[in-house]
Colleague: 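Once you've had a glance at the structure underneath, I'll fire off some questions.
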Amino acid sequence: MPKFLVLYRGGDASNLSPAQHKTLMTKWGQYMQKLGKSGALKDGAPLQSSAATQLVGKSKEIKAKRSGNATSYVGGYCVLEGKNMKAIQTLSKTCPHLTVMDATIEIIPAMEMP
């Protein structure tokens, strides 16, 4: 079955109350369980975007801080396996990440290698 890289971008949760944050984390746990039970989840984790660095071009210059705005930051990822893009889109529409301001989900099909 095809695999897809799912990137969770942006999503400013800093204005949430502690109770709202706890609810969001509970929903994330439920969502990840749903992905696992469906057999779609192959890998995934939250990321520390604030600790990211970049290597740039031929010079291989190392930048201590990544470029881009907060909505471009990747806060987590999953590798999902599914029948097709539409199936992964349908699963992703139920993700609690989309309930947070300025959050987006990017789904990228992995190329099959011989």
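Quantities reported herein were computed from a predicted structural model and do not represent experimental measurements.
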Colleague: Taking atom CD of Glu106 and atom OG of Ser92, what is their separation to the nearest 0.5 Å?
Modeller: 11.5 Å
Colleague: Return the set of residues passing side chain to side chain contact (heavy atoms under 4.5 Å, CB included) with Met85 (not counting sequence neighbours), or none when no residue passes.
Modeller: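 Expected list: Phe4, Gln89, Ile107, Pro109.
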Colleague: When clusters are formed by joining ILVMFWY residues with side-chain heavy atoms under 4.5 Å apart, either directly or through shared neighbours, do Leu35 and Met25 land in the same one?
Modeller: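 Yes; Met25 is reachable from Leu35 via cluster members.
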Colleague: Could you state the interatomic distance from NE2 (His97) to SG (Cys78), rounded to the nearest 0.5 Å?
Modeller: 11.0 Å
Colleague: Is it possible for you to say whether Leu16 and Tyr8 belong to one hydrophobic cluster, with membership spreading through side-chain heavy-atom contacts below 4.5 Å?
Modeller: yes
Colleague: Quick one: pull up NZ in Lys37 and NZ in Lys34 and give me the separation to the nearest 0.5 Å.
Modeller: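 Between atom NZ of Lys37 and atom NZ of Lys34 there are 11.5 Å.
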Colleague: Among the clusters formed by ILVMFWY side chains lying less than 4.5 Å apart, do Tyr77 and Leu80 turn up in the same one?
Modeller: no
Colleague: So which atom in Asn84 and which in Ala87 form the shortest heavy-atom distance, rounded to 0.1 Å?
Modeller: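 Reported closest heavy-atom pair: OD1-N, 2.9 Å.
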Colleague: In this structure, would Leu98 and Trp28 fall into the same cluster of hydrophobic residues linked by side-chain contacts under 4.5 Å?
Modeller: yes
Colleague: On a heavy-atom basis, which atom in Lys83 and which in Met1 lie closest, and how many Å separate them?
Modeller: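 Residues Lys83 and Met1, closest heavy atoms: N-SD, 3.6 Å.
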Colleague: Can you measure from CE (Met32) to SG (Cys95) and round to the nearest 0.5 angstrom?
Modeller: 8.5 Å
Colleague: Can you establish whether the number of heavy atoms outside Lys42 located under 6.0 Å from its atom NZ is more than 12?
Modeller: yes
Colleague: Does Ser17 offer a backbone N or O that forms a donor-acceptor pair with the side chain of Gln20 under 3.5 Å?
Modeller: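 Judged by distance alone, yes, a pair lies under 3.5 Å.
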Colleague: For residues Val100 and Gly11, report the shortest heavy-atom separation together with the two atoms involved.
Modeller: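 Heavy atoms of Val100 and Gly11 come nearest at CG1-C, 3.4 Å.
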Colleague: Quick check: is Ile88 connected to Ile105 through a chain of hydrophobic side chains (ILVMFWY, heavy atoms under 4.5 Å apart)?
Modeller: yes
Colleague: Nearest 0.5 Å, what's the NE2-OG1 distance between His21 and Thr26?
Modeller: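 Spacing of NE2 (His21) from OG1 (Thr26) equals 10.5 Å.
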Colleague: Under the side-chain contact (heavy atoms from CB on, under 4.5 Å) rule, what do Val56 and Lys63 come out as? Steps first, then yes or no, please.
Modeller: CA-CA 8 Å; Val56 181; Lys63 290 189 174 183; 3.9 Å; yes
Colleague: Which atom pair, heavy atoms only, marks the closest approach of Pro96 to Leu24?
Modeller: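 For Pro96 versus Leu24, the nearest heavy atoms are O-CD1, 3.8 Å.
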